[in-house]
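Heads up, the thing below is written out as structure tokens.
Labels below follow one simple rule: chain letters A, B, ... track the order of the sequence lines, proteins then strands, and each chain is numbered from 1.
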Protein chains: 2
Amino acid sequence: MTYSIAQAAEHSGLSIDTLRYYERIGLVDPPARDSGGRRNYSDDDLGWLVFLTRLRTTGMPIRMMREYAQLRHRGAATAGRRKQILFEHRASVRERIAELQSCLEVLEYKISHYEQIEHTFVEGITA
Amino acid sequence: MTYSIAQAAEHSGLSIDTLRYYERIGLVDPPARDSGGRRNYSDDDLGWLVFLTRLRTTGMPIRMMREYAQLRHRGAATAGRRKQILFEHRASVRERIAELQSCLEVLEYKISHYEQIEHTFVEGITA
DNA sequence: GTAGGAGCTGGAGTGCACTCCAGGTCAACC
DNA sequence: GGTTGACCTGGAGTGCACTCCAGCTCCTAC
């Protein structure tokens with residue numbers, strides 16, 4: 001099964017321009033082409049694209065994704081290093097979640113502060 | 001108690017340049033100045049700066065922080081709108097956390113995959 | 001009184017990750 | 001065979017959030 005660039009974009013959630021951009025910078029291997037020179041993405045290509053979007057969503061910088069892509073290209077011998085990258089990235093994602101949760105608490109506090117103001121205001125009216 | 005720009009930077013975790021930049025774009029009110037024209041940040045100024053860093057950490061875009069800052073400047077009448085902004089932002093932070101957590105699962109899965117490869121490899125050696 | 005260091009200003013430059021564009025090709029349908 | 005629409009290329013442009021710089025002033029300590 002092969003997919004046009006529009007279908008690959010649809011499936012991965014990336015834009016067509018971003019797909020071509022990722023190819024240019026070496027994040028994805030150039031996909032096969034049809035007789036007219038158009039890209040034909042394979043299921044494997046799509047799988048990799050989807051994985052990339054996960055890494056991107058978690059804030060991995062493109063240069064690190066590229067390093068990972070290049071290691072992957074060099075085969076099984078690089079599995080250790082790839083695992084290490086994911087390992088470190090997992091730690092940073094966990095940190096990020098913790099950071100967001102702590103900021104969330106500040107937000108909760110502020111919101112409750114506004115709710116208290118509103119409450120006081122309503123009491124002021126009814127009193 | 002007042003603070004130099006270096007102290008304000010230290011306390012807020014923002015750089016000196018960023019403090020001046022935030023002032024230029026209207027994110028923070030111009031602080032008082034000493035006789036030599038140097039900025040003197042008050043405790044209130046620092047509190048606001050710290051709150052801004054929380055919003056920034058959670059990914060609030062600067063234009064939204066600026067809207068909030070402007071509303072704040074207009075006083076109590078805008079409290080409702082400010083609360084609404086925080087409310088909506090809280091929802092987006094929660095979504096972001098959920099998104100990160102779901103990507104974290106993919107990462108866990110990938111890492112366990114690499115661990116399985118290593119395991120197989122070790123078995124291959126010892127067998 | 002001068003050397004050094006912190007701070008000042010307006011404006012230019014940076015890095016990231018896209019996003020858009022002009023001008024072209026190609027296949028299919030009417 | 002002409003039009004339409006998807007896709008192609010290389011390269012330029014965008015938006016965000018800083019970050020850096022030159023050239024200056026001011027205060028302090030020697």
Sidechain-backbone polar pair: [X] side chain, [Y] backbone, donor-acceptor under 3.5 Å:
X      : Y      : result
A/W48  : A/L27  : yes
A/E105 : A/S102 : no
B/T78  : B/R74  : no

### Message
According to a hydrophobic-cluster definition based on side-chain heavy atoms being under 4.5 Å apart (Ile, Leu, Val, Met, Phe, Trp, Tyr only), do A/Y41 and A/M1 belong together?
### Response
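A/Y41 clusters together with A/M1.
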### Task
Could you tell me how the ring of B/Y68 sits relative to the ring of B/F51: parallel (under 30°), tilted (30 to 60°) or perpendicular (over 60°)?
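It falls in the tilted class, 30° to 60°.
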### Message
Heavy atoms within less than 4.0 Å of DNA chain D: which residues of residues 13-28 of chain A have one? Give them sorted by number.
### Response
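Those residues are A/R20, A/R24.
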### Message
Give the residues of residues 34-58 of chain A touching DNA chain D, defined as any heavy atom closer than 4.0 Å, sorted by residue number.
### Response
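Heavy-atom cutoff 4.0 Å gives A/G37, A/R38, A/R39.
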### Message
Check A/R56 with B/E99, please: is the shortest side-chain N to carboxylate O separation under 4.0 Å?
### Response
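No, this pair does not count.
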### Presence of salt bridge, B/R66 and B/E23, under 4.0 angstrom
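Salt bridge between B/E23 and B/R66, a charged N being under 4.0 Å from a carboxylate O: no.
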### Query
For A/F87, is the NZ or CZ atom of A/R90 found under 6.0 angstrom from the centre of its six-membered ring and inside 45 degrees of the ring axis?
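Flagged: A/R90 positioned over aromatic ring of A/F87.
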### Message
For a quick check under 3.5 Å, do B/E88 and B/Q84 share a side-chain donor-acceptor pair by atom type?
### Response
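Yes, because at least one side-chain N or O of B/E88 sits under 3.5 Å from a partner of the opposite role on B/Q84.
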### A/D45 and A/Y3 side chains, donor-acceptor separation under 3.5 Å
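On atom types as modelled, these side chains do not qualify, holding no pair under 3.5 Å.
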#### Entry: Bounds of contact between DNA chain C and chain A, in 5' to 3' order, using a heavy-atom cut-off under 4.0 Å
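Counting from the 5' end, contacts occupy C/dC16 to C/dA27.
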